[in-house]
Amino acid sequence: MRCALRRQIGLLTALNVLYVQSNAIEEISPQIGLLLNLMTLALHDNRLQYLPKELGRCSELQARPVRDGYSVDATASSVHEASGCAPCN
């Protein structure tokens, strides 16, 4: 069974902190890009291979420390750089 942050995550538009580390998450719905107030996102120690480019819309996202030499915690600008998409204004 695959573990994922499903598209319902986009309904939490007032959410500004999301800690979901160490949950074996393999996929994040692109709907996470609707969380425009998200400031803190902790995703380390999961099974993610990529972050959806829509995460770049979360312009309030703050930098998080790298753990264990591999980090999928991100800022909006690092998502833009990794995905090659233009900044969303």
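Values in this document were obtained by computation on a predicted structure and should not be read as measured data. Note: hydrogens, waters and symmetry copies are ignored here, and every other heavy atom, side chains too, is used.
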(request) Indicate yes or no for a side-chain donor-acceptor contact from Glu60 to the backbone of Cys58 under 3.5 Å, with no hydrogens or angles considered. (result) no
(request) Output yes when a side-chain donor or acceptor of Asn46 lies under 3.5 Å from a complementary backbone atom of Ile25, and no otherwise. (result) yes
(request) Would you mind reporting whether Leu36 and Ser59 have side-chain heavy atoms less than 4.5 Å apart? (result) no
(message) Please report the interatomic distance NE2(His44) to CD(Gln21), rounded to the nearest 0.5 Å.
(response) 4.5 Å
(request) Evaluate the side-chain proximity of Val17 to Tyr19: yes if any heavy-atom separation is below 4.5 Å, no if none is. (result) yes
(request) Give me the one residue out of Thr40, Leu43, Leu41 that meets side chain to side chain contact (heavy atoms under 4.5 Å, CB included) with Leu18. (result) Leu41
(message) Please find the pair of heavy atoms, one from Ser29 and one from Pro52, that lie closest to each other, and give the distance.
(response) O-CG, 4.0 Å
(message) Can you give me the closest heavy-atom contact between Gly33 and Arg57, atom names plus distance?
(response) O-CB, 3.5 Å
(message) If I take atom OG1 from residue Thr13 and atom CD from residue Gln31, how far apart are they, to the nearest 0.5 angstrom?
(response) 12.0 Å
(request) Report whether Leu34 and Leu15 are members of the same hydrophobic cluster (ILVMFWY, side-chain heavy atoms less than 4.5 Å apart, transitive linking). (result) no
(message) Can you tell me which residue among Leu38, Ile28, Leu35 is in a side chain to side chain contact (heavy atoms under 4.5 Å, CB included) with Ile9?
(response) Leu35
(request) Report the C-alpha separation of Leu61 and Leu55 in whole Å, then their side-chain angles, then the decisive distance to 0.1 Å, and conclude whether the side chain to side chain contact (heavy atoms under 4.5 Å, CB included) test is met. (result) CA-CA 9 Å; Leu61 205 52; Leu55 189 59; 4.3 Å; yes
(request) Considering non-hydrogen atoms only, spot the tightest contact between Glu54 and Pro30 and give its length. (result) CB-O, 3.2 Å
